[in-house]
Amino acid sequence: MLKRKQYLLTLLIGIVLFFIVFLTTYYYIVSHSKTSEVSESRAVGKGEQSIDVIAAVVPERELTVQPDTDIRLVVVDEDNRTVEDKKIDPLILNGLNQVDLEKRFEGYQLMTFDEKQITLKKTIAHQDKPAEYALGIEDDFVCIVEKGDVKTYIKLDLLANYFSRNTYSLLLKEQIPISPVQKEELLKNPYYIDKILQSYEEE
């Protein structure tokens, strides 16, 4: 009888201990899994935020010369009068940035710089000696060439193919000099060139 009571008591104690260990383990696992979920959600939240920040802070693309960029070299005198306005082929400078251009065109001031238009400006001192003029050709038009430190081309409303091959060659080489008075007459009337050529041939 005693042995039976001891057996039942031992069995009861074992069952109670089993339930205590089971419940303790269960609550530990449940609480630990909740903590892990909270940690993971916080980690995901931080990750998402960092992705948003990276997406928001996109580095700006460096501006460079493109194949269709309009590049102009402008030379002015001390009175800001244009002496030369020259267009540069962008393919020669393709891919250069602002620093590269400033090094390439030392002495020029960078007025505008974007992928649509670039303007470089240079100021020169007044010329002491009087200007010399000649007739020339630019873009298939007859022009007045003002010779100095920098050549200036003044287009006349007169196509170069209007003249003979010999005259065209002289114009192309800028070998027909004109006086300041003849220059002014040409600006008033481009066909005054016939009179200039006639007197030039007589000489």
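Just so you know, residue 1 is the first one in the sequence shown, and it goes up from there.
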Engineer: List the steps and the verdict of side chain to side chain contact (heavy atoms under 4.5 Å, CB included) for L135 and L186.
Structural biologist: CA-CA 10 Å; L135 295 174; L186 280 170; 3.6 Å; yes
Engineer: Grab the two heavy atoms, one from L156 and one from P190, that are nearest each other, plus how far apart they are.
Structural biologist: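 Shortest heavy-atom separation between L156 and P190 comes out as CB-CB, 4.3 Å.
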Engineer: Is the shortest side-chain N to carboxylate O distance from K195 to E185 below 4.0 Å?
Structural biologist: no
Engineer: Looking at T112 and T119, would you say the former's side chain and the latter's main chain have a donor-acceptor pair under 3.5 Å?
Structural biologist: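 At least one qualifying donor-acceptor pair exists.
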Engineer: Which atom pair, heavy atoms only, marks the closest approach of D194 to Y162?
Structural biologist: OD2-OH, 3.5 Å
Engineer: In this structure, which one of N80, V75, V76 forms a side-chain contact (heavy atoms from CB on, under 4.5 Å) with T123?
Structural biologist: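 It is V76, the one option of N80, V75, V76 that forms the side-chain contact (heavy atoms from CB on, under 4.5 Å) with T123.
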Engineer: Filter on salt bridge (Lys or Arg N to Asp or Glu O under 4.0 Å), then keep only pairs touching residues 105-121, sequence neighbours left out; what's left?
Structural biologist: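 Pairs touching residues 105-121 that pass the test: R61-E115.
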Engineer: Quiz question: by atom type and distance under 3.5 Å, do the side chains of T82 and E84 form a donor-acceptor pair?
Structural biologist: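 Side chains of T82 and E84: no pair found under 3.5 Å.
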Engineer: Compare every heavy atom of G136 with every heavy atom of E174, then report the nearest pair and how far apart it is.
Structural biologist: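 So the minimum-distance heavy-atom pair works out to CG-CA, 4.0 Å.
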Engineer: Return the set of residues passing side-chain contact (heavy atoms from CB on, under 4.5 Å) with E138 (not counting sequence neighbours), or none when no residue passes.
Structural biologist: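 E138: side-chain contact (heavy atoms from CB on, under 4.5 Å) contacts with C143, Y153, K155.
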Engineer: Report the C-alpha separation of N161 and Y168 in whole Å, then their side-chain angles, then the decisive distance to 0.1 Å, and conclude whether the side chain to side chain contact (heavy atoms under 4.5 Å, CB included) test is met.
Structural biologist: CA-CA 7 Å; N161 58 14; Y168 185 90; 5.7 Å; no
Engineer: Please name the pair of heavy atoms, one in G107 and one in K122, separated by the smallest distance, quoted to 0.1 Å.
Structural biologist: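 Looking at all heavy atoms of both residues, the shortest contact is O-CG, 3.7 Å.
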Engineer: Would you give the length of the straight line joining atom CD1 of I118 to atom CD of Q66, rounded to the nearest 0.5 angstrom?
Structural biologist: 9.0 Å
Engineer: Does I20 offer a backbone N or O that forms a donor-acceptor pair with the side chain of T24 under 3.5 Å?
Structural biologist: yes
Engineer: Could you walk me through whether L120 and F113 pass the side chain to side chain contact (heavy atoms under 4.5 Å, CB included) test, one step at a time?
Structural biologist: CA-CA 9 Å; L120 293 141; F113 184 87; over 6 Å; no
Engineer: Distance check, rounded to the nearest 0.5 Å: K151 atom NZ versus K86 atom NZ?
Structural biologist: 10.5 Å
Engineer: Step through the shown structure and confirm whether more than 12 heavy atoms of other residues, nucleotides or ligands are within 6.0 Å of CG on D89.
Structural biologist: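 Counting neighbours around CG of D89, more than 12 heavy atoms of other residues, nucleotides or ligands fall under 6.0 Å, so yes.
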Engineer: Counting heavy atoms not belonging to D68, are there more than 12 under 6.0 Å from its CG?
Structural biologist: yes
Engineer: With side chain to side chain contact (heavy atoms under 4.5 Å, CB included) as the test, would you mind laying out the steps for F141 and L159 before giving the verdict?
Structural biologist: CA-CA 4 Å; F141 280 87; L159 286 168; 3.7 Å; yes
Engineer: Please report, to 0.1 Å, the donor-acceptor pairs under 3.5 Å made by any side chain of residues 90-105, with sequence neighbours excluded.
Structural biologist:
unit_1 : atom_1 : unit_2 : atom_2 : d
N97    : OD1    : V99    : N      : 3.2
N97    : OD1    : D100   : N      : 2.8
N97    : ND2    : E62    : OE2    : 3.0
D100   : OD2    : N97    : N      : 3.3

Engineer: Hey, could you give me the CD1/CG distance between I88 and D70, rounded to the nearest 0.5 Å?
Structural biologist: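 The CD1 atom of I88 sits 10.5 Å away from the CG atom of D70.
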